[in-house]
Amino acid sequence: MTQQTWSPVDGRLLVERPFADPPTIDGALSRARRAAAGWRSVPLADRQAAVSRFVDALMAGRDDAARELTLQIGRPIRHTPGELRGFEDRARTMIRLAEPGLAAIEVPPKAGFSRTIRREPVGVVLVLSPWNYPYLTAVNAVVPALLAGNAVVLKHSDQTPLVAERFSAAWAAAGNDPDLLIHLHASHEAVAGMVADDRVDLVLFTGSVDGGRAVHRAAAGHFKAVGLELGGKDPAYVRPDADLAYAAENLADGAVFNAGQSCCAIERIYAHRSVFDDFVAR
């Protein structure tokens, strides 16, 4: 089976990739498991350096990545470079915060005891990312997982397969162990199998409510952590004392930015009756 990506820009077939077959998935999970076993003992400073090189490598191709992303999802090209800048900003911020964020927690003393809470890597993290902000949503999971000492298996939406390929290519181009960040193109059934696989220790999914239910069902009974960021319904309220020109401009932008395809897009607006007519006109 193959996955096809049709560009909403002009309707042409942009990308066609074979789905990973069972032996390919089995090999990827086993390699990630072995890589994670060694990576967890690498000093944090070295992990930070590896992730920093990865960010450098990915951002070196930012212009091509931006054009490529617009062709995959149809976002206006003037908006797309902003996501790459956001990717870099988030990644470098997480690298900077890794040391205090991963430090052990000292708990209040108790006579006869020495008590500490340590943050330990879980092993292999399966990251399932959506198409609407594929760099920003993936970086939120991939970079913390790597910094914390885990290996990552990354599966992007069928609409943005080239983003997943850029992630793993940049990681390897930076001189890092390619088995620590592996991308897979896979069917929904194969993803469900990976979610349930004992070699996967944590699943992080960003997407629809129905997709979240499917991930939760696949993980049921396996006693593994699942993180779900699902679709929302985001309202705005225009108060009687609001600056109506500002509110109208920014709420309209919040509703239609990225063609309205955002987890936090403004989906409905409540306006106080005293400003309703003026706000709607604006």
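Worth saying up front: this structure is predicted, and the values here are computed from it rather than measured. For this chain, numbers begin at 1 and follow the sequence in order.
Using a cut-off of 4.0 Å between Lys/Arg side-chain N and Asp/Glu carboxylate O, Arg92 and Asp56 are scored as salt-bridged. Ion pairing between a basic and an acidic side chain is recognised when a charged N comes within 4.0 Å of a carboxylate O; Glu106 and Arg115 show no such pairing. In summary, Asp278 and Arg282 engage in a salt bridge, as defined by a charged side-chain N under 4.0 Å from a carboxylate O. Taking a cutoff of 4.0 Å between a charged side-chain nitrogen and a carboxylate oxygen, Arg268 and Asp234 do not qualify as a salt bridge. A salt bridge links Asp201 to Arg33: one of the charged nitrogens lies within less than 4.0 Å of a carboxylate oxygen.
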I'd like to know whether Asn176 forms a side-chain contact (heavy atoms from CB on, under 4.5 Å) with Phe54, so could you lay out the CA-CA distance, the side-chain angles of the two residues, the decisive distance to 0.1 Å, and finally the verdict.
CA-CA 8 Å; Asn176 300 318; Phe54 156 68; 4.3 Å; yes

Does Thr24 form a side-chain hydrogen bond (donor to acceptor under 3.5 Å, both in side chains) with Asp21? I'd like the steps, not just the answer.
CA-CA 5 Å; Thr24 299; Asp21 58 16; 2.6 Å; yes

From CA spacing to verdict: side-chain contact (heavy atoms from CB on, under 4.5 Å), His185, Thr2:
CA-CA 9 Å; His185 305 307; Thr2 62; over 6 Å; no

Show your working on side-chain hydrogen bond (donor to acceptor under 3.5 Å, both in side chains) between Ser129 and Thr206 and close with a plain yes or no.
CA-CA 5 Å; Ser129 294; Thr206 304; 5.9 Å; no

Show the numbers, then the answer: is there a side-chain hydrogen bond (donor to acceptor under 3.5 Å, both in side chains) between Gln159 and Thr5?
CA-CA 5 Å; Gln159 194 64 36; Thr5 301; 5.4 Å; no

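Note: Leu184 CG to Ser168 OG = 9.0 Å, rounded to the nearest 0.5 Å. Here the CG atom belonging to Asp63 is positioned 11.5 Å from the OG1 atom belonging to Thr80, to the nearest 0.5 angstrom. Note that CG of Leu180 is 10.5 Å distant from CZ of Arg47, once rounded to the nearest 0.5 Å. Taking CG from Leu97 and CG from Leu147, the interatomic distance works out to 10.0 Å, rounded to the nearest 0.5 Å. With rounding to the nearest 0.5 Å, the separation of CD in Gln3 from CZ in Arg17 is 8.5 Å. The distance from atom CD1 of Ile182 to atom CZ of Arg31, rounded to the nearest 0.5 Å, is 4.5 Å.
No side-chain donor-acceptor contact under 3.5 Å links His156 to the backbone of Pro130. A donor-acceptor distance shorter than 3.5 angstrom exists from the side chain of His272 to the backbone of Ser274, with no hydrogens or angles considered. Between the side chain of Asp26 and the main chain of Pro22, no donor-acceptor pair closer than 3.5 Å is present. A donor-acceptor distance shorter than 3.5 angstrom exists from the side chain of Asn150 to the backbone of Gly123, with no hydrogens or angles considered. The closest donor-acceptor contact from the side chain of Thr160 to the backbone of Val163 lies at 3.5 Å or more, if one exists at all. Arg90 places no side-chain N or O within donor-acceptor distance of the main-chain N or O of Asn140, the cut-off being under 3.5 Å. Judged purely by atom type and a 3.5 angstrom limit, Lys224 uses its side chain to pair as donor or acceptor with the backbone of Val200. Proximity of a side-chain donor or acceptor of Gln4 to a complementary backbone N or O of Val15 within less than 3.5 Å is not detected. Between the side chain of His222 and the backbone N or O of Ala196, at least one donor-acceptor pair lies under 3.5 Å. Using a distance-only test at 3.5 Å, with no hydrogens or angles considered, no donor-acceptor pair links the side chain of Trp39 to the main chain of Ala148.
Counted within 6.0 Å of CD on Glu99, heavy atoms from surrounding residues, nucleotides or ligands total 12 or fewer; the atom is thus considered open. Surrounding CZ of Phe276 are at most 12 heavy atoms belonging to other residues, nucleotides or ligands under 6.0 Å away. Atom CZ of Arg119 has more than 12 heavy atoms from other residues, nucleotides or ligands within 6.0 Å. The local environment of NE2 in His79 is crowded, with over 12 non-hydrogen atoms from other residues, nucleotides or ligands closer than 6.0 Å.
The side-chain heavy atoms of Trp171 and Leu58, taken from C-beta on, include no pair separated by under 4.5 Å. The side-chain heavy atoms of Arg40 and Glu120, taken from C-beta on, include a pair separated by under 4.5 Å. The shortest distance between side-chain heavy atoms of Arg199 and Ser30 falls below 4.5 Å. Counting only heavy atoms from C-beta outward, the side chains of Leu128 and Leu204 never approach each other to under 4.5 Å. Looking at heavy atoms from C-beta onward, Tyr237 lies out of side-chain contact with Ile269 at the 4.5 angstrom threshold. The closest side-chain heavy-atom distance from Pro134 to Glu83 is below 4.5 Å. Inter-residue side-chain proximity for Leu71 and Arg12 is flagged as met; some heavy-atom pair is nearer than 4.5 Å. By the 4.5 Å heavy-atom criterion applied to side chains, Val153 and Lys155 are not counted as neighbours.
Neither Leu146 nor Leu102 shares a network with the other; the hydrophobic side chains, linked directly or stepwise wherever heavy atoms of I, L, V, M, F, W or Y lie under 4.5 Å apart, form separate groups for each. Both Val127 and Leu69 belong to a common hydrophobic cluster when Ile, Leu, Val, Met, Phe, Trp and Tyr are linked at side-chain heavy-atom distances under 4.5 angstrom. A single hydrophobic cluster is seen to contain both Val55 and Leu84, as judged by linkage of ILVMFWY side chains at heavy-atom distances under 4.5 Å, directly or through other members. Leu126 and Val152 sit in two unconnected hydrophobic clusters of ILVMFWY residues. Membership requires side-chain heavy atoms under 4.5 Å apart, directly or through other members. Linking ILVMFWY residues whenever their side-chain heavy atoms come closer than 4.5 Å, directly or via other members, leaves Leu29 and Phe19 in distinct clusters.
Of all the heavy atoms in Ile25 and Ala190, the pair that sits closest is CD1-CB, 3.7 Å. Across all their heavy atoms, Phe279 and Ala247 have their closest contact at CE1-C, 4.0 Å. Minimum heavy-atom separation, Ala170 to Ala57: O-CB, 3.5 Å.
If you chain together ILVMFWY residues whose side-chain heavy atoms come under 4.5 Å of each other, Trp6 ends up grouped with Leu13.
Ring to ring, Phe167 and Phe87 are close: their centroids are under 6.0 angstrom apart.
Figure legend: Arg75 and Tyr133 shown as a cation-pi pair, the cationic atom lying under 6.0 angstrom from the six-membered ring centre and within 45 degrees of its axis.
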